[in-house]
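The block underneath contains the structure these notes are about, expressed in structure tokens.
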Amino acid sequence: MSQDAPNYKDTLNLPKTDFPMRGDLVKREPTRLKAWEDAGLYGQIVTKRKAEGAPDFILHDGPPFANGDVHMGTALNKVLKDLVVKSRTMAGYHAPYVPGWDCHGLPIEFKVVKATRGLAPAEIRTQSEAYARKYIDIQRNSFKRLGVFGDWGKPYLTLDPSYEADIVRTFAKFVENDLVYRSKKPVLWSYGAQTALAEAEVEYQKRTDPAIFVKFPLATGELAGKSSLVIWTTTPWTLPANLGIALHPDFKYVRADFTNESGEHTENLIIAEDLLEQFTAKTGWKPVEGDEWRTTLKGADLEGVEAQHPFLDRTSKVINALFVTAETGTGAVHIAPGHGSDDYVAGQQNQLGLLSPVDDDGNFTDEVGVPELVGQHVFKANERVIEILKEKGALLGREDYLHEYPHCWRSKTPIIFRAVEQYFIRIDKLRPTALEEIDKVTWLPHWGRNRIYGTVESRPDWCISRQRTWGVPLPIFYPPQGEAMIDPELARKVADLFETEGTNLWFEHDDAWWAEKLGLPEGTRRCTDTLDVWIDSGTSHVAVLDKHPELHTPADLYLEATDQHRGWFQSSLMVSVAVRGSAPYKAVMTHGFVVDKDSKKKISKSDGGRTKPMDAEHFIGKFGSDILRLWVSSVDWQNEVPFGEELFKQTSETYRRIRNTLRILLANLYDFDPVADAVENDQLTLIDRWILERLHGVVTDCADAYEKYEFRRVFNTLNQFCAVDLSSLYVDITKDRMYCDAPGSLRRRATQTAMSRVFEDLTKLLAPILAFTSDEAWEFSGKTESVHLERFPKPDTAFAGGEATETVNELMKARAAVQQEIEKARQEKTIGSNLEAAVQLSLPDSPLLNNDLATDEALGEFLIVSDLKIVRGAPELGAEVKPTENAKCQRCWRHLSTVGSQAEHPALCDRCADVVGTVELNVA
RNA sequence: GGGUCUGUAGCUCAGUUGGUUAGAGCACCGCCUUGAUAAGGCGGGGGUCACAGGUUCGAGCCCUGUCAGACCCA
């Protein structure tokens, strides 16, 4: 190579683009976001589809709780929803998305009350609202930053007065349909703070209580008068409310004569076999020697018999329950339905009734049935109860028992379980329709159907009242005389007031004001309870879908994490069945929880101090939203979703590849005008036809995958298409023609024609996932409108045939054989690049390789070798490689026999000499 | 403890109605490339398909059990 050789590089058509190689997402995404917002892009999209008369697709947003920052689980959910909305929009639907927030509820109230003590209810509510609004703003910013499109200016909030009014009106409908009743149910009660508590407001502290063994003689059945059950309890004060004894149906119980330590007394007792030793050790009562005195029975054998209460004139029913354990006690559990939640459920199932003879201060009421106990505090009464048992000869043993016992977080006093009046919805009236409706809904994954069916089948009546402040008040009144007024008309009047004034009205005015306003008798009090927040969110189909002009019921899709089978999906279904007799959704999709990639365990906020970041903002700030979105698309949402920082690095690599593929396509199209330069289909070469056939497959597959919400199939398909078909094959193979052929040559224009179509379709297919990057690339291709206003491409049937694909698949075998041989030579350092190889390819006859497209020239191009001899009709596929003896063309770097054949350009091959001639002429 | 699920290379995923040596991408190792260059190409190593039984001529795919994990309930 002489020093004064012409610089042929300037005669090449090298790729050219300003589309940056690096995404710089963290910096660049906010700019695009701003542009979208300024242009009102979401509104444009919705308006456009509406104008087209596009069919509706309604994804109804389940409202996240307005508390805390957006963590990865919430981000996953929101991005999945956005993938649905964007892909349905691009599939041609009018898919408005109205996001919402769940605002009422204990966690917020608890934080407010904790921060400032002694607040009046109205103040608690004002501060709770401020708290909720603060986090709504924080979360909204994160969701927007993630590229989620929606009506962010007008989201629905469960604290909106109109929403609250609809909750109350919905309650009125419940009443009208005879679904509401009043009944007692035990709650965690703090007599120190005189209020009901939630589990979260309870602190566990060590406490010593008397644990006692109490005899209950059997009063009916075969063993009546012959034998006694023995219970063990750490709350002797609940014995006056005892209404049952629970045995495990499958446990083995021993019936035997026992004698006490002194041997003076003998009792015939029934004790779980596994707890016999413990019982003897703790009480001193031991079985009389000799097997003839012992018999065994199953818990199931005694079901239904009655036992005599040790000091009250009534009996306790023996029932079976699976929660009975063989760890402590006797295997017979004292059941006081008014003083425990297991007890309550067991009482319901066995019609035991309910007693709860304790007032707000924790003192016994008349109902206790023992005159001397009335007015005594329950914990003080423990000792007296024990004495009474002793007097009656029912006490078999006593010990001091140290245990973790719940205490009030505020007053630090021990908690008692105490039944208070609550309001319930009769689920039995809704259950048959609810179950029928479940089978009309499409559940994704399909097993979701079983999950919700199971819960609806077995759920007890719905307790809808809460002794809380931050919620929608129960519009119920208590007149000075007579029953509680649960009246739909009254409730609607209240709702109308709430509609304009908000629910704070309930707390800002006193009973007298309300009585006068509603024309109720003087002295009428209003209910101080609020509604269960599951009513709030479960009413969204009424307050949002029915109300919003762009939406309607039933929604096409609800999409939440699997825990909502029991939560929102169920509450929405129940409310909907109650008010309209049908399900509020046509389809329900659930995704798994985000779990730690390494341990496959749920990421907890405190994993032994080594807290891993899980805030979405952390990852947005470090990688950018498109990476997070790409991660969401790559993952199997049906199961637990693995998550970790390494995964983001991995996803970033995939992103880089896709981005660079878009970039090289753009760069190769810099001088291409689709209108003027596009080539007819029949002018395309083998490789062009092949990539368009591949494109046909990709477009078809992605449309199908998007339709089924199988985003990771889209991810895999497009990743494969970019990495293998485009980057490693098509772009690599066409480099020579793109760079070295004359700019306007048919062959080059053919490839640009194909690349232009590939770029457009690929960008559109990526748009729902890479919301920012695809829009950026779209812009760089010269488009003035956002890619998000486009529709998905339609597969071009001209390339559905697959002839080129069959040929290329055949050639891929030859390519593998050649590459392996070249690699050997390369490792031996006999050649460097592919173009330095002289290849002899033995090719067996194949109809696929005997067509117009599979010319020797096309094969050489396909294999990216310059010196290729093909022996067709060989017995088997094979390749031989040695260094080529041809000279290297200084322009296209191929080693060809034609180099130097044109005297004007001794360093160039035929083709290049021709091209350079043209270019120079053009320049001149 | 119960219900509903899940378990394929280091990681994320494919594996068609059970049928020849289980596939990609990323990561890893080696080489090439400086005309996609904070890019690109080629080659390679790596899986007893959680484990143990069973059905079958034949199982990653079907059945049973065990183990591990997730959600809900208790």
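All chains are named by letter (A, B, ...) in the order of the sequence lines, taking the proteins before the strands, and each is independently numbered beginning at 1.
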(message) Suppose we define a pair by two distances each less than 3.5 Å, Watson-Crick or G-U wobble; what does B:U12 pair with here?
(response) B:A24
(message) Using the side-chain heavy atoms of A:Ala723, tell me which of these nucleotides is nearest: B:C42, B:G35, B:G25.
(response) B:G25
(request) Can you tell me the distance, in whole Å, between the CG atom of A:Leu835 and the P atom of B:U34? (result) 10 Å
(message) Which nucleotide wins on minimum distance to the side chain of A:Val724, given the candidates B:C11, B:G35, B:A24?
(response) B:A24
(message) Check this one for me: any side-chain N or O of A:Asn639 less than 4.0 Å away from OP1 or OP2 of B:G7?
(response) no
(message) Quick check on B:U12: is either OP1 or OP2 less than 4.0 Å from any side-chain nitrogen or oxygen of A:Thr651?
(response) no
(message) With a 4.0 Å limit, can you tell me whether A:Arg656 has a side-chain N or O closer than that to the phosphate oxygens OP1/OP2 of B:G40?
(response) yes
(request) Considering only atom P, compute the distance from B:C51 to B:G7 and round it to an integer number of Å. (result) 13 Å
(message) Under 3.5 Å, is there any donor-acceptor pair linking the side chain of A:Ser727 to the base of B:A36?
(response) yes
(message) Tell me whether the side-chain N or O atoms of A:Arg451 pair up with the base of B:C71 as donor and acceptor below 3.5 Å, since no angle test is needed here.
(response) yes
(request) Would you kindly give the NZ-to-P distance between A:Lys649 and B:C28, to the nearest whole Å? (result) 12 Å
(request) Using Watson-Crick or G-U wobble geometry with both distances below 3.5 Å, tell me the partner of B:C29, or none. (result) B:G43
(request) Round to a whole Å and report the spacing from CH2 of A:Trp631 to P of B:C26. (result) 21 Å
(message) Strictly by Watson-Crick or wobble contacts shorter than 3.5 Å, is anything paired with B:C57, and which nucleotide is it?
(response) B:G19
(request) For A:Asn719 and B:C11, give me the distance from atom CG to atom P, rounded to whole Å. (result) 18 Å
(request) Give a yes/no on whether any side-chain N or O of A:Lys824 is located under 4.0 angstrom from OP1 or OP2 of B:G43. (result) no
(message) Any donor-acceptor pair, under 3.5 Å, between the side chain of A:Glu640 and the base of B:G7, if you only look at N and O atoms?
(response) no
(message) Which residue in the set A:Thr734, A:Asp688, A:Asp741, A:Asn668 passes side-chain hydrogen bond (donor to acceptor under 3.5 Å, both in side chains) when paired with A:Thr751?
(response) A:Asp688
(request) Please check the phosphate of B:C32 (OP1 and OP2 only) for any side-chain N or O of A:Lys829 closer than 4.0 Å. (result) yes
(message) Please pick, from B:U12, B:A38, B:G43, the nucleotide with the shortest atom-to-atom distance to any side-chain atom of A:Ser634.
(response) B:U12
(message) Can you confirm whether A:Glu876 is buried at CD, in the sense that more than 12 heavy atoms of other residues, nucleotides or ligands lie under 6.0 Å from that atom?
(response) no
(request) Kindly say if A:Arg657 contacts the phosphate of B:G41, meaning a side-chain N or O under 4.0 Å from OP1 or OP2. (result) yes
(request) Once you apply the 3.5 Å cut-off to both distances, tell me the Watson-Crick or G-U wobble partner of B:A36, or none. (result) none
(request) Give the nucleotide from the list B:A38, B:G35, B:U12 with an atom nearest to the side chain of A:Leu647. (result) B:U12
(message) If you compare every side-chain N and O of A:Arg815 against the phosphate oxygens of B:C42 (OP1, OP2), does one of them come in below 4.0 Å?
(response) yes
(request) State which of B:A36, B:A70, B:U4 makes the closest approach to the side chain of A:Trp447. (result) B:U4
(message) If I take atom CH2 in residue A:Trp637 and atom P in nucleotide B:U6, what distance separates them, rounded to the nearest angstrom?
(response) 13 Å
(message) Output the rounded distance in Å from OH (A:Tyr739) to P (B:U34).
(response) 13 Å
(message) If the cut-off is 4.0 Å, is A:Arg826 near the phosphate of B:G43, judged by side-chain N/O to OP1 or OP2?
(response) no
(request) Could you tell me if the ring centre of A:Trp631 sits under 6.0 Å from that of A:Phe623? (result) no
(request) Report the base-pairing partner of B:G65 (Watson-Crick or G-U wobble, both distances below 3.5 angstrom), or none. (result) B:C51
(request) Run the numbers on A:Asp626 and A:Thr773 for side-chain hydrogen bond (donor to acceptor under 3.5 Å, both in side chains), then give the verdict. (result) CA-CA 7 Å; A:Asp626 267 1; A:Thr773 304; 2.6 Å; yes
(request) Kindly indicate, with the supporting measurements, whether the criterion salt bridge (Lys or Arg N to Asp or Glu O under 4.0 Å) is fulfilled by A:Asp732 and A:Lys735. (result) CA-CA 5 Å; A:Asp732 209 32; A:Lys735 269 179 188 170; 3.2 Å; yes
(request) State whether the distance check finds a donor on one side and an acceptor on the other, under 3.5 Å, for side chain A:Gln650 versus base B:C11. (result) yes
(request) Using atom CG of A:Asp732 as one end and atom P of B:A39 as the other, report the distance to the nearest whole Å. (result) 17 Å
(request) With RNA chain B as reference, determine whether A:Gln720 or A:Leu12 sits nearer its 5' end, using the nearest nucleotide of each. (result) A:Gln720
(message) Counting only side-chain nitrogens and oxygens, does A:Lys9 get under 4.0 Å of the OP1 or OP2 atom of B:G35?
(response) yes
(request) Please check the phosphate of B:U37 (OP1 and OP2 only) for any side-chain N or O of A:Arg663 closer than 4.0 Å. (result) yes
(request) Measure from CD on A:Gln564 to P on B:C5 and round the result to the nearest Å. (result) 19 Å
(request) With a 3.5 angstrom cut-off on both distances, give the Watson-Crick or G-U wobble partner of B:G1, or none if there isn't one. (result) B:C73
